[in-house]
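Here's the structure we're looking at; comments come further down.
Small disclaimer: the values here were computed from a predicted structure and weren't measured. When a ligand or atom number is given, it counts from 1 through the structure's own listing order. The residues of the chain are indexed from 1 along the displayed sequence.
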Amino acid sequence: MALQSRHLLGLEGVNREEIALILDTAESFMEILQRPIPKVPTLRGKTVVNLFFENSTRTRISFELAEKRLTADTVNFSTSTSSVKKGETLKDTIRNIEAMNIDMVVVRHSAAGVPLFLTRCVDAAIINAGDGMHEHPTQALLDMMTIRRKAGDLQGLKVAIVGDIAHSRVAGSNIHGLLTMGAEVMLCGPKTLMPMHAERLGVRVSHRLEDALEWADYLNVLRIQLERQHKGLFPTIREYHREFGITLERLEQAKRDVVILHPGPINRGVELDSDVADSDFSVILDQVTNGVAVRMAVLYLLSGSDPALE
Ligand code: CP
């Protein structure tokens, strides 16, 4: 079996078998990552460009490590040191990079739709590493891998996504992925941070954290994305923390055990208290570890390489 598209632009439209294929392939790469020399020649001869127009710690390092573990040649691009600063357009930038003979592009951009636009400019395979408020598919895949590793299966699991849903590309991709895999999803947050007509997405919606804590097995807690939102969507950070902040006390009082995920970066003391982030409730660093394997799987499956993982 193979992925239907040459690109990974989002999880909308990616079917259950394809997501399962990516997660199963990532499991094979987890085994390789635990070897004394965690490297295979699977992408030898392939060149990948990491095109980051927006800041990133986890996603950029994770993709770069995944590429190196697969023996791809990698090149990193960042806006601040490029000719974008001299006014070069996105189309000229990508066409010039492709003229140097590249196979794949990993792109992050503050504008939704840039990965799709790039598929129309070049022949290389395009992987979305986060586009505006649209999608962040590899983050959702690594979230699902982390949950699946704990639960065994995503079917029937209850996952609440808590916080700033409206501005979150992580929420967008998680909703598509989790529903496709048979999980139930609740969106929980203030009305002002909820997308319009959220119920039409096939999810539950609540504006009380207590509902999520009573209902969910897994809580994926999101950062308040101040860089993407207008002012005045909630009174103060302190008020937000009082209503929606995940505290140890709240988790200990909850009727059921919940597992805490967070895509990072964490605003400690806002959406998540430090003693929760660093507690046994949290699988945040497992998410980061699993991210390398997931990105190896996506790169491999989109590379058109020989099926042997080696
Ligand atoms: N989760 C995530 O996208 O983190 P970065 O912004 O650090 O890549």
* Asked: With sequence neighbours left out, what residues match His109 under ring pair (Phe, Tyr, Trp, His ring centres under 6.0 Å)?
  -> Phe53
* To do: Among all protein heavy atoms, pick out the one at the shortest distance from atom 1 (N) of ligand 1; state its residue, atom name and that distance to 0.1 Å.
  => Pro263 O, 2.8 Å
* Any side-chain heavy atom of Leu261 sitting closer than 4.5 Å to one from Leu219? -> no
* To do: Give the residue and atom name of whichever protein heavy atom lies nearest to atom 2 (C) of ligand 1, and the separation in Å to one decimal.
  => Thr59 OG1, 3.5 Å
* Structure fact -> Closest heavy-atom approach to atom 6 (O) of ligand 1 among Arg169, His136, Arg108 is made by Arg108
* Looking only at distance, does Pro265 have an N or O less than 3.5 Å from an N or O of ligand 1? -> no
* To do: Could you tell me whether Glu239 and Arg242 have a side-chain N and a carboxylate O separated by less than 4.0 Å?
  => yes
* Please indicate whether any nitrogen or oxygen in Arg60 is less than 3.5 Å from any nitrogen or oxygen in ligand 1. => no
* Asked: With no hydrogens and no angle check, is any side-chain donor or acceptor of Thr71 less than 3.5 Å from a backbone partner on Val40?
  -> yes
* **Sub-4.0 Å atoms of ligand 1 with respect to non-hydrogen atoms of Gln139** => 1 (N), 2 (C)
* To do: Tell me, please: is Gly264 in heavy-atom contact with ligand 1, that is, under 4.0 Å?
  => yes
* Structure fact -> Rounded to the nearest 0.5 Å, the CZ atom of Arg148 sits from the CG atom of Asn290 at a distance of 10.5 Å
* Structure fact -> If we number the atoms of ligand 1 from 1 as shown, the ones under 4.0 Å from a heavy atom of Thr57 are 5 (P), 7 (O), 8 (O)
* Asked: How close does the nearest protein non-hydrogen atom get to atom 4 (O) of ligand 1, and which residue and atom is it?
  -> Arg58 NE, 3.1 Å
* Arg108 NZ/CZ over Phe52 ring centroid, <6.0 Å and within 45° of normal -> no
* To do: Not counting sequence neighbours, which residues clear ring pair (Phe, Tyr, Trp, His ring centres under 6.0 Å) with Phe244? List them please.
  => Tyr240
